[in-house]
Chemist: 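Here's a structure for you.
Below, read A as the first sequence line, B as the second, and so on, with proteins coming before strands; counting in each chain starts at 1.
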2 protein chains.
Amino acid sequence: MPETARPSKREETRRETERAILIAAEKVFAEAGFGGATMQLIADMAGLPKANLHYYFPTKEALYRRVVEDIFEIWLRAAEALDTADCPVRGIGAYIDAKMEISRRHPFGSKVWASEVMHGAPVIQDYLETTLREWTEGRAQAIRRWIADGRMRPVDPHHLLYMLWATTQHYADFGHQIETLNDGRPLSDEEWAAATESVKEIILRGIGAI
Amino acid sequence: MPETARPSKREETRRETERAILIAAEKVFAEAGFGGATMQLIADMAGLPKANLHYYFPTKEALYRRVVEDIFEIWLRAAEALDTADCPVRGIGAYIDAKMEISRRHPFGSKVWASEVMHGAPVIQDYLETTLREWTEGRAQAIRRWIADGRMRPVDPHHLLYMLWATTQHYADFGHQIETLNDGRPLSDEEWAAATESVKEIILRGIGAI
DNA sequence: CCATAACCTGACCAACCGGTCAATGAATAT
DNA sequence: ATATTCATTGACCGGTTGGTCAGGTTATGG
């Protein structure tokens, strides 16, 4: 019988409370921006007194940083889809699938990320200069390989990546606009699938991979 | 000799001051968000005492609304490029040119717009439901016509428009990220041209217009 | 030149926000 | 049982913010 460290009641409560705070914070930061968000509102949404927030996260900035870091990790994890395949159709196709899924499941996170970058990345500038830059260069190399192998047309890898990011994240960041243009209704399952197919079709055909 | 209403000194000063305020406000709102922006900072950047701001714009919200409306107008005006041509290559090509130019010339405005929509369009929701919806439907019809005429492949017009918006605005809204990945340097003239060409090439080919 | 209206501004205020802290309650180890 | 550590909370505080206002300045029309 394995001695799996059973979580003490304290640990468990702590994890649950922290989770509740992070979920509330993600939503409030996304909807109001860093400057517009208030610790009181986050506390109310998490069902806690404000002082308790400062026990878990010393400052508003620390809480915000944690939210952004969590998003960044989800965002990077989805990028693995690009590596598992050896042809652009499967690789980029899977990447678009993954990113569209994130836009659907984590719209608040995507908005917080967008807001952070739009404001000059005051909190995650170091991530941009290290992790993101390395990741981007690696993926650009993979794309150049595909081009050299004649599996797609010669397009600038960076601009292709920007297009992938822009197009997929648009469905989260501008979701409100899309919903308004969709007669005020959120996209249904079928409409999400159609959106994903449209994006894949146009881009994969546009780079000559189909 | 035409009696062109020569502007009185008052009118002229008023227009100049208002312009200075709007330029400062656009920048501050873009960099700090609505919540993070302060009237004091806008006043300092415009070289005015704060109280003077409230003489021109009664509230922070009124000033913000004006900034967003001005952007919306620029944004709509660029859309005329889509109408002047009768084939997708020239129409969509010109539209991409125009939108990329706006991303370059009005990055702050684009960010304010993005931020407004991301936060649920509290100020310009009515514009989304009226002007933008009508414009979108009209353009979707034009695209359907092109498809019916066999000038491009059958793609969902809405998703194509979203891709156009997303891709072009990305160069403004995520300009900081792009700059970081470009070794910290802003895109040069040639790089902007290359970006525009990349976007046009992939999308026009992706919809089968080339 | 004068009266009037438009414009400008320093000083001020109430409201709110992030953060602190001392006191209390609850879980854990001995 | 009880000492000790961890977790919770209401009350509070200094600083900042959007907005006001009375009084001064400048342009304009007669």
Chemist: Looking at the rings of Trp75(B) and Trp165(B), which for Trp means the six-membered one, are their centres under 6.0 Å apart?
Modeler: yes
Chemist: Rounding to an integer number of Å, can you tell me how far Glu16(B) CD sits from dC8(C) C1'?
Modeler: 16 Å
Chemist: Would you mind reading off the distance between Glu12(A) atom CD and dC6(D) atom P, rounded to a whole angstrom?
Modeler: 19 Å
Chemist: Should Tyr56(A) be listed as having a side-chain N or O under 4.0 Å from OP1 or OP2 of dT8(D)?
Modeler: yes
Chemist: Using whole Å, what does the distance between atom P of nucleotide dC8(C) and atom CZ of Phe57(B) come to?
Modeler: 13 Å
Chemist: For Met39(A) and Phe57(A): C-alpha separation, side-chain torsions, deciding distance, then whether side-chain contact (heavy atoms from CB on, under 4.5 Å) applies.
Modeler: CA-CA 11 Å; Met39(A) 295 297 269; Phe57(A) 297 93; 5.6 Å; no
Chemist: Measure the distance from CZ on Arg15(B) to P on dC7(C) and round it to the nearest whole Å.
Modeler: 13 Å
Chemist: Without decimals, in angstroms, what is the distance between Leu53(A) CG and dT9(D) P?
Modeler: 11 Å
Chemist: For Lys50(A) and Asp44(A), run salt bridge (Lys or Arg N to Asp or Glu O under 4.0 Å): C-alpha distance rounded to whole Å, both residues' side-chain angles, the deciding distance at 0.1 Å, then the answer.
Modeler: CA-CA 8 Å; Lys50(A) 193 186 65 166; Asp44(A) 291 348; over 6 Å; no
Chemist: Whole angstroms only, please: what is the CG-C1' distance between Asn52(A) and dT20(C)?
Modeler: 14 Å
Chemist: Encode nucleotides 14-26 of chain D as B, S and - characters from 5' to 3', where the letter depends on protein heavy atoms closer than 4.0 Å: B to the base, S only to sugar-phosphate, - to neither.
Modeler: ---SBBBB----B
Chemist: For Glu129(A) and Gln125(A), test the side chains for any donor-to-acceptor distance below 3.5 angstrom and give the result as yes or no.
Modeler: yes
Chemist: Tell me every residue that passes ring-ring contact (aromatic ring centres under 6.0 Å, His included) with Tyr95(A), counting only those two or more places apart in sequence or in another chain.
Modeler: none
Chemist: Would you tell me if any nitrogen or oxygen in the side chain of Tyr55(A) comes within less than 4.0 Å of OP1 or OP2 on dA7(D)?
Modeler: yes
Chemist: Run through His119(B), Lys60(B), Glu116(B) and flag the one making a side chain to side chain contact (heavy atoms under 4.5 Å, CB included) with Phe34(B).
Modeler: Lys60(B)
